[in-house]
Number of protein chains: 2
Amino acid sequence: MLKGTNQEVGRPHNRRIVLETIRQHGPLPRVEIARRIGLTTQTVSTITSELHERGFVALRPGVPKGRGFPAPSLEINPDGGYACGVYVTPRGLEAGLINLSGKVLARKAVSAPQMSADTAFAHIGAMVREMVADCPRERFIGAGMAMPGPFDIESMSFVGPTTMEGWRGVDVGDRLQKAVGYPAFVEVDSAAAAHCERLYGVGEELFNFYYLYMGVGLGGCVIYDGQVIRGAWGNAGEIGHVPLVPDGDPCPCGNHGCLERYLSLEAYARRTPVIGEAGWLEETAPLLRSAIVTIENLFDPETIVLGGLAPVELRLKLLALTADLPNSLAARQDRQHPRVILSRCGTDAVLRGAASLAITQVFSPRLPAPPRAAGDLFAKAGRARIE
Amino acid sequence: MLKGTNQEVGRPHNRRIVLETIRQHGPLPRVEIARRIGLTTQTVSTITSELHERGFVALRPGVPKGRGFPAPSLEINPDGGYACGVYVTPRGLEAGLINLSGKVLARKAVSAPQMSADTAFAHIGAMVREMVADCPRERFIGAGMAMPGPFDIESMSFVGPTTMEGWRGVDVGDRLQKAVGYPAFVEVDSAAAAHCERLYGVGEELFNFYYLYMGVGLGGCVIYDGQVIRGAWGNAGEIGHVPLVPDGDPCPCGNHGCLERYLSLEAYARRTPVIGEAGWLEETAPLLRSAIVTIENLFDPETIVLGGLAPVELRLKLLALTADLPNSLAARQDRQHPRVILSRCGTDAVLRGAASLAITQVFSPRLPAPPRAAGDLFAKAGRARIE
DNA sequence: CTATTTACTCAGATCGTTTGACTTAATCGC
DNA sequence: GCGATTAAGTCAAACGATCTGAGTAAATAG
């Protein structure tokens with residue numbers, strides 16, 4: 001569980017830190033990177049020359065700004081690497097190729113309801129191979145795949161509108177790995193979308209937020225300290241099955257009054273023909289507000305990001321319903337952001353998030369927290385070897 | 001935000017890892033520690049000799065077990081360090097001295113309703129000084145303090161049964177630091193209790209759980225990967241204010257139907273005179289079950305730990321109500337633990353948790369996650385310096 | 001045109017971890 | 001019983017990533 005560190009661990013870690021800092025805040029001169037990550041310019045220089053050599057970062061010539069050497073800036077080289085993202089749903093497959101900047105360069109899709117796992121992985125293998133062929137082979141990093149959650153919970157995974165039939169007991173990670181032949185990773189769709197938002201959306205400013213994913217069902221994901229909180233088995237975030245309405249609508253999960261029976265695209269599609277969109281919004285508003293209060297009181301996020309498959313227009317209407325929220329611990333004086341905001345990543349969030357999983361896993365810091373200087377018992381003598 | 005690592009950071013980190021491994025799994029021989037944390041025996045030897053020198057660990061002579069050198073084991077020296085915990089409530093103060101094993105050695109209390117901050121910190125300063133006097137001065141590590149949450153939320157902190165009057169705008173951390181003159185830390189009571197459970201209770205086996213704290217109000221805390229998840233402002237865990245009953249009882253927080261209006265010692269005290277304990281249990285059961293389903297679906301923990309100030313007898317009765325739980329993603333086949341279990345730490349949980357904050361902050365690993373070997377792009381060349 | 005400032009680089013020093021040989025203390029097998 | 005084997009631990013030298021301090025390049029200030 002707990003692991004020690006040595007130079008062999010430290011170097012890759014620092015490399016990831018440097019690259020992630022450049023990715024998130026670049027273009028940056030070396031001194032500035034060094035200042036941020038707490039290492040010397042020399043070290044950053046060594047690391048960045050390696051990253052440059054490998055083509056992951058590009059050097060932008062320095063522009064004179066006052067006295068002194070005009071510092072060249074480092075930025076991500078978008079074409080330094082590519083990754084594939086696959087989104088598997090009960091309606092079919094979507095796949096995309098992204099570059100290091102998270103831009104979608106190519107896209108493929110297979111439409112077929114309730115694909116079997118065998119068929120799906122055959123398609124996935126083929127799609128990924130085609131996409132890899134479109135980019136420099138040695139620059140392909142890996143693939144990520146997203147699916148509606150939860151995984152491996154028979155009583156929940158295989159019923160309801162987000163059901164994947166015939167996928168019972170399939171070792172998805174292993175199958176993906178074998179199908180693509182590159183490093184492969186799997187994530188629940190809402191977590192993948194949250195990951196995208198963290199990397200390419202609001203995550204540029206926010207390190208702690210809750211991502212509410214309004215898809216066919218309703219999912220969510222906490223980003224805490226910049227990290228996706230996945231739960232013990234990677235299934236955290238099934239906010240759609242929070243029982244907010246006692247004795248409410250029966251849900252395929254077996255309970256009654258689950259939130260996603262009211263707040264989800266499935267609910268929208270089911271209700272609007274009956275009562276119209278305005279009626280649905282009115283009916284859903286109190287539940288949305290309750291959901292927000294629940295999230296705020298449980299997670300204390302900086303903000304809640306409203307994302308998912310739902311079209312922007314609809315999400316804007318939902319956002320409007322949150323103008324007048326009930327009290328919660330989010331009602332603090334010194335808020336930097338509204339309590340609810342819109343996602344900045346488009347409908348490709350899941351795809352890009354899934355693909356960037358591979359990039360993150362291969363590159364990014366699973367960070368060592370800096371030991372705080374809080375009464376260090378080893379302050380001085382710690383440096384001397386004990387005889 | 002992201003920090004690099006070097007030898008200066010690495011050594012203290014490894015020291016913490018070694019100590020934490022010994023604390024949690026000791027007594028252990030050096031080889032075994034090395035195996036667990038992924039460093040060499042030599043390094044562990046160097047570090048442990050330092051820890052031994054400083055009196056934090058004790059050496060237990062090796063007992064012959066089969067061939068080879070009989071390995072001496074290392075274990076925590078309980079008297080290697082002491083810390084103070086303070087629990088501040090609207091009813092008064094409780095303070096305690098614990099040793100490195102988390103045992104409560106001394107205890108003090110001041111009973112006085114709605115103490116002002118000035119009075120409280122005067123008392124706290126005095127109590128801590130007395131306790132420090134009872135242990136070797138140089139072995140005193142620091143103090144931790146717990147309070148009912150949430151902090152700094154005017155609209156919620158200062159109303160209701162857990163209210164602290166006259167504490168508005170008080171910089172608690174700073175005041176505590178000044179009052180005790182040692183490293184000082186502050187935490188919400190439920191998080192402190194969860195921390196205690198992590199260190200000295202179920203945390204010995206579980207790294208991912210949700211701690212439900214049934215006190216005057218109702219709080220909770222996620223332990224994820226062995227770490228307390230505190231939220232953006234340290235207030236995560238206000239599960240008591242999840243609105244589970246639409247149009248339910250009005251709550252001092254301003255909303256209606258908050259969970260803690262039904263499930264808390266305050267609710268128990270208010271309702272049992274009217275309908276008796278059995279009546280209360282019956283009335284509360286569906287809400288408790290809903291709360292559990294909510295937690296499970298949002299956090300996907302290994303288990304939920306039922307703790308808090310509520311007496312064991314009452315918690316046992318509540319536990320009995322969870323024998324037949326609704327479906328959730330926790331209903332998996334391969335569960336290692338029941339969905340709900342009782343806390344193993346007694347009523348001192350908050351006190352011990354608060355005190356051990358100081359120990360943890362000074363010693364324990366805020367861990368660097370080991371970079372997984374997933375398609376390392378720098379696999380070989382990473383070791384060679386680039387010219 | 002010189003002095004100053006700033007970013008960067010080179011080469012050597014530093015220091016925690018690793019490596020490999022050695023020591024110690026137990027059991028196994030003849 | 002006694003040498004061979006096994007296992008944990010220690011010593012001293014090697015390793016290697018980062019740091020340190022001197023040196024270089026390119027701008028501005030005066």
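We use all heavy atoms of the structure for the numbers below, so side chains are in, but hydrogens, waters and symmetry mates are not. These numbers come from a predicted model, not from an experiment.
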When the distance from [atom1] of [X] to [atom2] of [N] is rounded to whole Å, what number comes out?
{"X": "Asn14(A)", "N": "dG16(D)", "atom1": "CG", "atom2": "C1'", "result": "13 Å"}
{"X": "Leu28(A)", "N": "dA7(C)", "atom1": "CG", "atom2": "C1'", "result": "14 Å"}
{"X": "Glu50(A)", "N": "dT18(D)", "atom1": "CD", "atom2": "C1'", "result": "14 Å"}
{"X": "Glu32(A)", "N": "dC8(C)", "atom1": "CD", "atom2": "P", "result": "10 Å"}
{"X": "Ile33(A)", "N": "dA7(C)", "atom1": "CD1", "atom2": "P", "result": "13 Å"}
{"X": "His13(B)", "N": "dT17(C)", "atom1": "NE2", "atom2": "P", "result": "10 Å"}
{"X": "Leu59(B)", "N": "dA8(D)", "atom1": "CG", "atom2": "P", "result": "15 Å"}

Self-check item: Residue closer to the 5' end of DNA chain C, Val31(A) versus Gly10(B) (nearest nucleotide)
Solution: Val31(A)
Practice problem: Check whether any side-chain N or O of Arg11(A) sits under 4.0 Å from OP1 or OP2 of dG16(D), and answer yes or no. | Solution: no
Exercise. Output yes when at least one side-chain N/O atom of Arg30(A) is less than 4.0 Å from OP1 or OP2 of dT9(C), else no.
Key: yes
Going by side-chain hydrogen bond (donor to acceptor under 3.5 Å, both in side chains), name the residues that satisfy it together with [X], two or more places apart in sequence or in a different chain.
{"X": "Arg67(B)", "answer": "none"}
{"X": "Arg198(B)", "answer": "Gln24(B)"}
{"X": "Arg139(B)", "answer": "none"}

Quiz item: How would you list, by chain and number, every residue that makes a salt bridge (charged side-chain N to carboxylate O under 4.0 Å, His left out) with Glu187(A), sequence neighbours excluded?
Solution: Arg230(A)
Quiz item: Among dC8(C), dG9(D), dT17(C), which is the nearest nucleotide to the side chain of Ala71(A)?
Solution: dC8(C)
Self-check item: Letter per nucleotide, 5' to 3', of nucleotides 18-30 of chain C [B base touched, S only sugar-phosphate touched, - untouched; heavy atoms, 4.0 Å]
Solution: BB----BBBBS--
Quiz item: Going by atom types only, do Thr46(A) and Thr43(A) share a side-chain donor-acceptor pair under 3.5 Å?
Solution: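 There is no such pair (donor and acceptor under 3.5 Å, judged by atom type) between the side chains of Thr46(A) and Thr43(A).
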Exercise. Quick one: list whatever passes ring-ring contact (aromatic ring centres under 6.0 Å, His included) with Tyr182(B), sequence neighbours left out.
Key: Phe140(B)
Quiz item: Between Gln7(A) and Thr48(B), which is nearer to the 5' end of DNA chain D once each is assigned its nearest nucleotide?
Solution: Thr48(B)
Quiz item: Which atom pair, heavy atoms only, marks the closest approach of Ile76(B) to Ser101(B)?
Solution: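 Nearest heavy atoms, Ile76(B) then Ser101(B): CG2-OG, 4.4 Å.
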